[in-house]
Amino acid sequence: MSSRLVLLGPPGAGKGTQAARLAERLGVPAVSTGDIFRSNIKNGTELGKRVQDITASGALVPDELTNELVRDRLAQADAVEGFLLDGYPRNVAQVAALDEMLAVAGRELDLAIELTVDPQVVVDRLTRRAEIEGRADDTEDVIRHRLDVYAEQTAPISQVYAARGLLAQVDGLGDVDDVTARLLAALSGARS
Ligand code: AMP
């Protein structure tokens, strides 16, 4: 069964953790634009140099660059039968870019799943993650900026997918295993 999925939710909702678990269960690659940017920065690539300051500030990397990256990634053999996107699309223009990528390949998105969490919980989680992982964009000011960017640019995406009947919302609070179980239930509910 093909699975072309998007995982939505604010920074700190647990998207990365859940995307990895879900992708493994479904046998599709988890594609995280944030992870791709971070690994390029770590390895000092040209792309990494271009996006380093932008990601550190909590702003979005320009759409042309991000869309191209996702286009290339989704064209790889392991993503032909399905994928789980984490952190993309991030604004309405990226939704349109993804639509076009899929249309060109004669494919359609199966579902967008939104992990919902209380905003205060998100701030607490991100502050804790900053202490554990030391991510450059997990400082207090940048966290606030990332949440603003999310509210302004990313949150509206949910309505776009909801209008197409493609949105499932899942409570992202609680035990990691419970959240994974809820996500899988939402997925099978959408397919039945
Ligand atoms: P994330 O790990 O998804 O929170 O992403 C970390 C940072 O990478 C974001 O704050 C952005 O600067 C950048 N980024 C990740 N995904 C995207 C995207 N789809 N569009 C633009 N910038 C992105």
(message) Checking side-chain polar atoms at under 3.5 Å, does Asp63 have a donor or acceptor matched by the opposite partner on Gln94?
(response) yes
(message) Side chains of Ile54 and Leu60, heavy atoms from C-beta outward: is any pair under 4.5 Å?
(response) no
(request) Would you check if Gln18 and Thr180 make a side-chain contact, meaning some heavy-atom pair closer than 4.5 Å? (result) yes
(message) Please determine whether the number of non-hydrogen atoms from other residues, nucleotides or ligands lying under 6.0 Å from atom CD of Glu133 exceeds 12.
(response) yes
(message) Hydrophobic clusters here meaning ILVMFWY residues chained together by side-chain heavy-atom distances under 4.5 Å, can you tell me if Leu65 and Val92 are in one?
(response) yes
(message) Restricting to non-hydrogen atoms, name the atom on Ser32 and the atom on Arg38 that form the minimum distance, rounded to 0.1 Å.
(response) OG-NH2, 4.5 Å
(request) Would you tell me whether Thr45 and Asn40 have side-chain atoms, one donor and one acceptor, within less than 3.5 Å of each other? (result) yes
(request) Quick one: do Asp72 and Gln76 satisfy side-chain hydrogen bond (donor to acceptor under 3.5 Å, both in side chains)? Show the steps, please. (result) CA-CA 7 Å; Asp72 287 350; Gln76 287 173 26; over 6 Å; no
(request) To the nearest 0.5 Å, tell me how far Gln52 CD sits from Leu47 CG. (result) 11.0 Å
(message) Quick check: is Val179 connected to Val122 through a chain of hydrophobic side chains (ILVMFWY, heavy atoms under 4.5 Å apart)?
(response) no
(message) Within the supplied structure, the quantity of interest is the number of heavy atoms (other residues, nucleotides, ligands) at a distance under 6.0 Å from Arg25 CZ; does it exceed 12?
(response) no
(message) Does Glu108, at its CD atom, have more than 12 non-hydrogen atoms belonging to other residues, nucleotides or ligands within less than 6.0 Å?
(response) no
(message) When you compare the side chains of Gln169 and Thr116, does any donor N or O come within less than 3.5 Å of an acceptor on the partner?
(response) no
